[in-house]
Trainee: 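Handing you a structure now.
Note that the structure is a prediction, hence the values are computed from the model and not measured. Proteins get letters first, then strands, A, B, ... in listed order; numbering begins at 1 in each. Any value given below was found using the heavy atoms of this structure, including those in side chains, with hydrogens, waters and symmetry copies removed.
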There are 6 protein chains.
Amino acid sequence: MNHLLIEEIVGRALQEDLGFGDITTDSIVPASTQVRGLIHSKDYGVLAGIEVARRVFKHLDPQVTFIELKKDGQSLQPGDLIAEVFGSARVVLSGERVALNFLQRLSGIATQTHRYVEKVKEYSAAIVDTRKTTPGLRILEKYAVRMGGGGNHRFGLYDAVLIKDNHIKVAGGIKAAVERVRSQIPHTMKVEVEVESLEQLEEALRVKADIVLLDNMGPALLRQAVAITGGRALLEASGGLTEDTIAEVAGTGVDLISVGALTHSVKALDLSLDIGEKK
Amino acid sequence: MNHLLIEEIVGRALQEDLGFGDITTDSIVPASTQVRGLIHSKDYGVLAGIEVARRVFKHLDPQVTFIELKKDGQSLQPGDLIAEVFGSARVVLSGERVALNFLQRLSGIATQTHRYVEKVKEYSAAIVDTRKTTPGLRILEKYAVRMGGGGNHRFGLYDAVLIKDNHIKVAGGIKAAVERVRSQIPHTMKVEVEVESLEQLEEALRVKADIVLLDNMGPALLRQAVAITGGRALLEASGGLTEDTIAEVAGTGVDLISVGALTHSVKALDLSLDIGEKK
Amino acid sequence: MNHLLIEEIVGRALQEDLGFGDITTDSIVPASTQVRGLIHSKDYGVLAGIEVARRVFKHLDPQVTFIELKKDGQSLQPGDLIAEVFGSARVVLSGERVALNFLQRLSGIATQTHRYVEKVKEYSAAIVDTRKTTPGLRILEKYAVRMGGGGNHRFGLYDAVLIKDNHIKVAGGIKAAVERVRSQIPHTMKVEVEVESLEQLEEALRVKADIVLLDNMGPALLRQAVAITGGRALLEASGGLTEDTIAEVAGTGVDLISVGALTHSVKALDLSLDIGEKK
Amino acid sequence: MNHLLIEEIVGRALQEDLGFGDITTDSIVPASTQVRGLIHSKDYGVLAGIEVARRVFKHLDPQVTFIELKKDGQSLQPGDLIAEVFGSARVVLSGERVALNFLQRLSGIATQTHRYVEKVKEYSAAIVDTRKTTPGLRILEKYAVRMGGGGNHRFGLYDAVLIKDNHIKVAGGIKAAVERVRSQIPHTMKVEVEVESLEQLEEALRVKADIVLLDNMGPALLRQAVAITGGRALLEASGGLTEDTIAEVAGTGVDLISVGALTHSVKALDLSLDIGEKK
Amino acid sequence: MNHLLIEEIVGRALQEDLGFGDITTDSIVPASTQVRGLIHSKDYGVLAGIEVARRVFKHLDPQVTFIELKKDGQSLQPGDLIAEVFGSARVVLSGERVALNFLQRLSGIATQTHRYVEKVKEYSAAIVDTRKTTPGLRILEKYAVRMGGGGNHRFGLYDAVLIKDNHIKVAGGIKAAVERVRSQIPHTMKVEVEVESLEQLEEALRVKADIVLLDNMGPALLRQAVAITGGRALLEASGGLTEDTIAEVAGTGVDLISVGALTHSVKALDLSLDIGEKK
Amino acid sequence: MNHLLIEEIVGRALQEDLGFGDITTDSIVPASTQVRGLIHSKDYGVLAGIEVARRVFKHLDPQVTFIELKKDGQSLQPGDLIAEVFGSARVVLSGERVALNFLQRLSGIATQTHRYVEKVKEYSAAIVDTRKTTPGLRILEKYAVRMGGGGNHRFGLYDAVLIKDNHIKVAGGIKAAVERVRSQIPHTMKVEVEVESLEQLEEALRVKADIVLLDNMGPALLRQAVAITGGRALLEASGGLTEDTIAEVAGTGVDLISVGALTHSVKALDLSLDIGEKK
């Protein structure tokens, strides 16, 4: 991850919450008071975002000490101590909510991803994310998916080609679309084509698509697609998948299963920051 | 809502997704191709964010026509047409995902809020949000809560006072904390105090707190709190509330119930953008 | 005060003055030369902005040492040593004017506020500021008012409600205006109504306005307003007040007197930065 | 003036005042209501900043119509109609204070400058400003000085050379300082030297300084300086000048008189924006 | 290309040149004067950047009319009329240099690229660029390479993998390096490995590198590499290539030849903007 | 140079190259690995930009140690060690290309400038740059010109007056143009006029232009211009000058020769960063 970008995101989040200042804390807490804050887990899950939490407090005050007791990707259970933050009481109190907002959302994503990954662990299929992320937080949310054991699909419209049905329609066919793209893009990029039928799959294979996205196909069709493809391209299943159906899809032999819900519908992991006297 | 701020959020979200460009669309779709995109609902819910979706496309190209067929706050059912967007195919295809990411998340919040609001509609208690919002999107998420029928708590650490247990500890008591704050803040601001017992509630009332947050109290205690207070302050129940327990809490007579889950754990509303020929 | 915001303001002010560089200093002064700068007062007044002055030099070079010998809010007389700055001669010379521009303006505001506050010190009325501040410096100017012993009115259009005559006209009356606002705003916010007559005051009290702004009323009317209100709302006198008339207004028993001149018409306090050899 | 820079300043000022939104206006005033706002003068003075006021409203909404009835530099008297603004009531009400804050401050500067200029109109000396401007508004304040009939000194540390006593001390003399500067700067720049005695003046003339700043000299000394110089350099009088003493200084024959008070101690010109029905 | 990004680059370039304003033009040219500017070529070359030039003028004033008479990628000869710009004389004069600076540099890149491309046109090898671009202008310079008939290598460190010798050293071998990368990156990305010998090439092919960069190999070695590879990976020749040697390299059968000089050593194409009366 | 501005330029360049992260390095290189990087010259030239290179690495990680072994302005030969950078391998590898891109371009400019300066060293004429710089890098490129022994012309449209033929045409003559400018600009600025004939030169001298730009005149005309002027103004030759013709121009006695090619057509100096084990 590019930490310059994360600093920007953290700085913006703090500005959003602080506005012209934390009027409660600044009025009550003397500048010299020091405290110790303890971040605990109150639920089962997978940690993600500890570095972001650290940067929240450091951004407010580089003098703060932040000690990570759990690492991103580790599993958590209720009562686990995740991190300690020592320093100015004003900084710890003013930064608390922003730090937790990041940490709870990212750990929520890692936890949810981990559940999906566990469901398919007997199969070779990888669980990958989509572009259905929270605007402004994509780099962090895709990181959280990796911490949960998932893989990343492209980061945006710029770093990989995904030819969808509307592109195919405009171009007048898969062949034309792939050829137009190939003449424009860096040689370092793969070409992925979204198909809705086995006929389209075969057309995509003929033009040597590197990856084929099989849109909304049931297990039977997916199995046929795997057989037809015979390793000539990576196959990605997508659309309407839930925790209940994902194992069956993985069993068809596809290489990848992309799941929008990893990032678009997330339950924050329950974490708390408790403040004591600084020892 | 301050639309200058929303333009900034929209611009950032587009930059995040577009990077150096939509290489698929720019390679395949001629600059002159025009299309019509239709945004439909695929689920039951409450709409929020239609203006944000409009700004996404307009930000890419002011020539785009965007027609709203549903308004924020209206209820949706599967198949409902929400909006039409006419214009350059490049713009519609490149903006699609960002527009939906905003619209699905915000409508998800409005929908979830509406469910909570419905549960307590026989009571006078208002459902309000918290600061547990997605970093960078607070202004939008709090708007979505209002569209779902909820109310807003403070927007940040700057626009209202909320004295929590740690502030009280540092100040050496509720009285001292409230007095210190009152001497510093604009006369336009109310003072809210978080209490954990009826003794603390009485102390807060003695110093004329405008609002008292009753932290993690069960229905019996809440009822006593309401009786003790007798209208001298607004009472806000908070902590550990679910859709199942909220009606009972509302029945105790508190004025406000704040629910973090309105914004921290949200299922995106299922919406789609389908592209046809421009008529 | 949110120091992240102050860093931004300081950085912008330095860019404005430095442009592509301080060509005089960079051409003449070797990078290794060290100096000591002494900031003195040349007039009587109240200090405000010492922390901003410190940040100006630190922003240019974190190695600079800045020692505060007076604190914000303290009174000054000609010859008083306010601060010492030690470090690179280039940094001290290049930062001098920007540091003084902040310090002289903010101390000018504190000094002027203090004069108003002194005039009313026998009364309970507080002197408060308005939104008539210099664009871009509001957070600092409102801080300077506090350092002079004044209080702050709202920080902007977002953190408190002030219903003015035009709002009342559009809404069709005070009652309608207050009700519309109450249904939209956070429960943490007070509602202030501007009135021009005692009839309007009574209407505002009937709808339980928290604060009433009495616009341009003379002492006799103000006294009646205080009597009518009987503590049911805070009363704020506003409009056309000068240092000469303010004591009489305070004597009417109003709670607050808002004075635009605290920030819109300010005489910079005369301060100097003298440079000697670094000891 | 670079209008791109002014847009930035205007945008920032609006953000500062609007925060997350004008909660009073947005709650009360329907989006469709249209009004007419009239900006009047309530005092005698010189107008400056009408274009900035226009941009404030246009920045909020390009649909607004803004008609200038007075031009910058024109004199005003109480009751004069300066401009009309037609459009969305929300926009007019939300932009009012920011527009007036700019217009009143800039007109205050133009008015004050004009008073100084009038005092010296029988002499050839020009009244010029300094770098003692409000941080962030220098480009506008220097424009206002021109509108009041004054001239501009350098805009910052980058666009002209001004060698002060500390530079001379470090360099070991005026000659050394001027030579070092001359070897580094663009040939398009003049060199100004600040002197405190006639001996220093002669030294500056010997090294062909283009401009000499005569620091804190009384009329007798200034007259001698003019005689000694004999047109070989521009002479600028500076330091401790008031409206009362400036004519005498101008009478000494100096070319320029720089006055910090033009921008550092300004009384806002009294203007108002009254809102009526849109015809 | 993402035009939002280009607007940012154009805006910054204009700020750099305009500073507080074009003092010459603003002093001399009335705001109402209109002119016609004609952009001509004064040399042979290939055009690139016409859209950027258009945005420079439009950024200053959306009212300007800009008519493109040549398109990017077209060849130019001395005297060719490239574009006409009609509008405010202030805008045309103030924007001229920035528009030409972009257009001359980008056309210089396209022209130089075209020369390289011509040299290898009998072979299948593509000429591609590198990351040796001007800081801040990469998106534009890579576009110019495409306009000259070249192809793009990766846009940055984020959109493709290129494992260099130092990565290999740290990882302890090509195999380890490739495996570590493959476990972390999106499945949409190809893996390129830089090799310095045929042994390394074979190791890279064994781990199925998608692309192999052959660093500083002479024609004989390159030919062997092509034979060994037999189409199992794309082969990219790189290092020390000049216009004189490139045809021989292309003749070896490599797929790609990357040339840093396309962007790091460029002669601006000679263009002029002549101003006449507006018809 | 204003280092705050340079930090901005460096930060932008790093963002451009890093995007969401250096996926190759982050996947392969452990966070704890330390290396030593050595920057060598591979060609003859003049160094410029070593401070910018230092800031690139420091911007990524303040812990990095950067030791300069050559200073800007020093001459280089193949094999010279320019700087050492010690620290995190991730930082050195991720920053390498950006650091070199700056250093090679700026050293290329210094080297080219130095060649021109050498050609005219027997004459008193100074070689100066123009505004034909790379958009966004002007401050750095003009610095590099100074390091190569050249001088700077104005930095932008704001810091000096240059009246060109179009300004003269609009104003109706040189006299009118100069008078209009003189009435508007700071007294600290010189006025330069571009002329195309000796008649125009005489007109410019009559209105006491400080500098006259002699556009595209041959040696004979230039010599006449020098004679006519007789030291009454600085004379600048400009237009169509090459390394071959410049000495003859310098021999005519002009004061300045401006050369666009110093910055618009530059060959990057060949430098390398080699990475070894950290000792």
Trainee: Is a side-chain N or O of D/Thr24 found less than 3.5 angstrom from the main chain of C/Leu162, in a donor-acceptor match?
Mentor: yes
Trainee: Which residues in residues 98-106 of chain D have a heavy atom less than 4.5 Å from any heavy atom of chain C?
Mentor: D/Asn101, D/Phe102, D/Arg105
Trainee: Quick check for you: to the nearest 0.5 Å, what is the distance between C/Lys169 atom NZ and D/Ile275 atom CD1?
Mentor: 8.0 Å
Trainee: For chain C, find which of D/Ala13, D/Ala171, D/Pro135, D/Ala89 contributes the most heavy-atom pairs closer than 4.5 angstrom.
Mentor: D/Pro135
Trainee: Report which part of C/Val266 has an atom under 4.5 Å of a heavy atom belonging to chain D: side chain, backbone, both, or neither.
Mentor: backbone
Trainee: C/Asp26 vs D/Gln184, test: side chain to side chain contact (heavy atoms under 4.5 Å, CB included). Steps then yes/no.
Mentor: CA-CA 9 Å; C/Asp26 290 355; D/Gln184 298 286 330; over 6 Å; no
Trainee: For C/Ala160, is it the side chain, the backbone, both, or neither that has a heavy atom closer than 4.5 Å to a heavy atom of chain D?
Mentor: backbone
Trainee: Listed by chain and number, what are the salt bridge (charged side-chain N to carboxylate O under 4.0 Å, His left out) partners of C/Asp159, not counting sequence neighbours?
Mentor: none
Trainee: Among C/Leu5, C/Ile185, C/Thr134, who wins on heavy-atom pairs under 4.5 Å with chain D?
Mentor: C/Thr134
Trainee: Can you name the residues that form a salt bridge (charged side-chain N to carboxylate O under 4.0 Å, His left out) with D/Glu203, not counting sequence neighbours?
Mentor: none
Trainee: Less than 4.5 Å to any heavy atom of chain C: does that hold for the side chain of D/Ile163, its backbone, both, or neither?
Mentor: both
Trainee: Please rank D/Ser183, D/Gly136, D/Gly260 by heavy-atom pairs under 4.5 Å with chain C and give me the top one.
Mentor: D/Gly136
Trainee: Heavy-atom pairs under 4.5 Å with chain C: which of D/Ser94, D/Pro186, D/Ser27, D/Gly156 has the most?
Mentor: D/Ser27
Trainee: I'd like to verify something: which residue of C/Thr25, C/Thr33, C/Val10, C/Asp165 has the highest number of heavy-atom pairs under 4.5 Å with chain D?
Mentor: C/Thr25
Trainee: Select all residues of residues 14-23 of chain C having any heavy atom within less than 4.5 Å of some heavy atom of chain D, and report them by number, or 'none'.
Mentor: C/Glu16, C/Asp17, C/Leu18, C/Gly19, C/Phe20, C/Gly21, C/Asp22, C/Ile23
Trainee: If you count heavy-atom pairs within less than 4.5 Å of chain D, which of C/Ile28, C/Ile9, C/Val170 leads?
Mentor: C/Ile28
Trainee: So for D/Arg182, is it side chain, backbone, both, or neither that comes closer than 4.5 Å to the heavy atoms of chain C?
Mentor: neither
Trainee: For C/Arg12, which atoms come within 4.5 Å of any heavy atom of chain D: side chain, backbone, both, or neither?
Mentor: side chain
Trainee: Give the member of D/His264, D/Lys164, D/Glu179 that has the highest number of heavy-atom pairs under 4.5 Å with chain C.
Mentor: D/His264
